[in-house]
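Order of the sequence lines sets the chain letters (A, B, ...), proteins ahead of strands, with each chain counted from 1.
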Amino acid sequence: MEDLHVHHGDDLPDNLAWKMFREGDDQAMNVILQRYFRPLLHYGSKFSADRSLVEDTIQDLFLGFLEKRQDLGSPANLKNYLFKCLRNNLIRQVKEKARLKPIEEDDALFTEPTNIQDIIMGLENSHEMSQRISSLFLSLTKRQKEVMFLRYYENRSNDEIAEIMDINKQSVSNLLAQCLTVLRENWVHILFLLLPSQIK
Amino acid sequence: MNKYYNFKAVDFIDDPGFRDWVYGRSQDAAVDWQQLGEAEPSLVHEMEAARLFLKSVAGEQPDVSEDYIKIFGDRIIRKHNQETSRETKLSTIRWYKNPVRLLYMAATVFLAFGLGWYLLLSANRNASEQSGMLAWLRADDKLVNKSNGSSHAEIITLQDGSKITLQPNSSVTYPEVFDGTERNVQLEGEAFFEVKRNPKQPFLVHFNNLTVKVLGTSFNIRSFPNEQSVKVTVKTGKVAVLPDKAGFGVRLLTKAPRAVTLTANQEILYKKGGDRFERAVAINSQIVNSAISEADFEFARTPLSDVLEKLEKAYGIPIIYDEDQVRDCSLTASLSDEPLLEKLKMICKTMDASYETVDGRIVMNVKSCRAAVQ
């Protein structure tokens, strides 16, 4: 009879947690946060290196949900829905911040490579494999980086990525193909330096 | 494993199993990547390049604890509650565009400081009052005090016909006659109350800086000074549990739980000094709907949604489930003469389902109508 006390178990499926949240259960929001706060913060940190900005945006997102909780729909996939909402709000926030402080440098990951020359120099000068590979990754455009993150780190399908980034499915396929081309073309320059002992 | 021998870095990146290994996600991977690298040295370059690239894709993972997220969530809820209460007071006119409003606001701020000061004083006064005086006491009340020093429960009948079953080592204090706008009783220890209904004169039980307010119902309170928490269990009807009225100033200035309403078969557990009530389903839940009896819990090919609806009606406990999940489920079982939670367990046994109690409600998760293969 242990299971009688209030507990907000990990077993509660997303759709039920979301339904309870919509119906006024504040604790259900905490269940959702325990599950998705880390992924949201991680994804969000790619748009801005300012962690407090990302956290504030997540907070405002959920405050918005609380305000119109009765009008919220039931998304097919909660995580994708949260990603999409955070992405929209965060891009707006980052733009706003850039407008207010145009000089401030932002070392977010999903940003355009500023100087392609630097990247090439980095590739040629570095004998460290990890540095070479990270400069290769940095040479991708911000959209390519984002697609890589969603596809490979978050294991989202092309359809899901299209939904989150609000682009069509063909664009996702194109972005992925572009990335793989960049990788294939540059592997050769990188790989000949690798020593077998470097595998862990 | 052969298919990997021709893999290039790009192929490894595209392999979900490889990615899980790199990101440390699965413990029981189908392929032993470490071993593959050792067995086939020509792959080592490709695997290492793929691994490093995937690490770049992921970037640094933010490090946050469960407690941090909990605090984060509670802060959002608090903020939301503050905002909704403020919105009802403020009009849409921007304060700085309206000189009259500015003046009005200055006066409000001034008053707020005064009120704050007053509340601070009264909070201190309340703190000192708690030990001795009863906040609800009126000047002309003649008090009766009953203590139960025996080893068995004692039944007390009040002037209005309400009954108190007082447990050992417990005491109640109340006026000889209830002639005010409220019926007030002070409790220390544990007692079961059966209150005569009177909407004109609410019945209030005060204990441990909390108040239970009812019109007519039956419920149990357990509140011993030497115990860490207090518990209120509702048998029939509806009760409200709120921070004590006397603690108004204290409530504004310190953290105190928000009032909750309990219905039959629900209970709250409150940790003394805490800022929230935890609502739960009572262990010994009884049927509270006289139109439904135990004999009604015989089912033959009954749609599961009907069964859950009947349980909800019978016990007065909300049952939450996904209509889509149970659409095609039906139940053939005899659930009579079992407590509520046993009934639920039996339902879960006949199909691939589980339940949990969350905030005084039951959440059913039906994965499949058919029983899980043992």
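- Counted within 6.0 Å of CG on B:Asp63, heavy atoms from surrounding residues, nucleotides or ligands total 12 or fewer; the atom is thus considered open.
- A 4.5 Å side-chain heavy-atom check between B:Lys79 and A:Phe62 finds every atom pair outside the cut-off.
- Of the possible donor and acceptor atoms, one in the side chain of A:Lys46 sits under 3.5 Å from a partner among the backbone N and O of B:Ala58.
- Relative to the ring axis of A:Tyr153, B:Arg25 places its NZ or CZ within 45° and under 6.0 Å from the centre.
- Heavy atoms of A:Leu16 lying under 4.5 Å from chain B belong exclusively to its side chain.
- Heavy atoms closer than 4.5 Å to chain A are found in the backbone of B:Ser65, but not in its side chain.
- Heavy atoms of other residues, nucleotides or ligands lying less than 6.0 angstrom from NZ of B:Lys70 number more than 12.
- Around the NZ atom of B:Lys8, the shell of radius 6.0 Å holds no more than 12 heavy atoms that belong to other residues, nucleotides or ligands.
- Judged purely by atom type and a 3.5 angstrom limit, A:Gln34 uses its side chain to pair as donor or acceptor with the backbone of B:Glu66.
- Looking at B:Tyr23, only its side chain comes within 4.5 Å of chain A, counting heavy atoms on both sides.
- Under the 4.5 Å side-chain criterion, counting only non-hydrogen atoms from C-beta, A:Gln27 is not in contact with B:Glu278.
- Contact of A:Arg151 with chain B is made through backbone and side chain together, with heavy-atom distances under 4.5 Å.
- Using a 4.5 Å cut-off between heavy atoms, A:Asp26 contacts chain B through both its backbone and its side chain.
- Heavy atoms closer than 4.5 Å to chain A are found in the side chain of B:Val363, but not in its backbone.
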Between B:Ile76 and A:Ile58, does a side-chain contact (heavy atoms from CB on, under 4.5 Å) hold up when you go through it step by step? CA-CA 10 Å; B:Ile76 293 177; A:Ile58 299 175; 5.8 Å; no

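- Put simply, of B:Val64, B:Asp74, B:Ile362, the one with the most heavy-atom pairs under 4.5 Å next to chain A is B:Val64.
- The two residues B:Phe72 and A:Glu55 have their closest heavy-atom pair at CZ-O, 3.5 Å.
- When side chains are defined from C-beta on, B:Ile320 does not count as touching A:Asp25, because their heavy atoms never get closer than 4.5 Å.
- Residue-environment remark: NZ (A:Lys169) stays at or below the threshold of 12 foreign heavy atoms within 6.0 Å.
- Residue A:Leu33 comes nearest to B:Gly73 through the heavy atom pair CD1-CA, 3.5 Å, listed as atom of the first residue, atom of the second, then distance.
- For B:Lys55 (side chain) and A:Ser134 (main-chain N/O), no donor-acceptor pair under 3.5 Å exists by modelled atom type.
- Both the backbone and the side chain of A:Met148 come within less than 4.5 Å of a heavy atom in chain B.
- Within the 4.5 Å cutoff, no side-chain heavy atoms of A:Lys19 are placed close to those of B:Asp322.
- Contacts between A:Tyr152 and chain B at a heavy-atom distance below 4.5 Å involve backbone atoms as well as side-chain atoms.
- Residues A:Gln59 and B:Arg75 form a side-chain contact, since some pair of their non-hydrogen atoms from C-beta on lies under 4.5 Å apart.
- In this structure, A:Phe37 and B:Tyr68 have tilted ring planes: the angle between them lies in the 30° to 60° band.
- Atom CE of A:Met29 is separated from atom NE2 of B:His80 by 9.5 Å, given to the nearest 0.5 angstrom.
- Here the CG atom belonging to A:Leu180 is positioned 7.5 Å from the CD1 atom belonging to B:Ile13, to the nearest 0.5 angstrom.
- Most heavy-atom pairs under 4.5 Å with chain B, from the set A:Ile32, A:Leu176, A:Asn155: that is A:Asn155.
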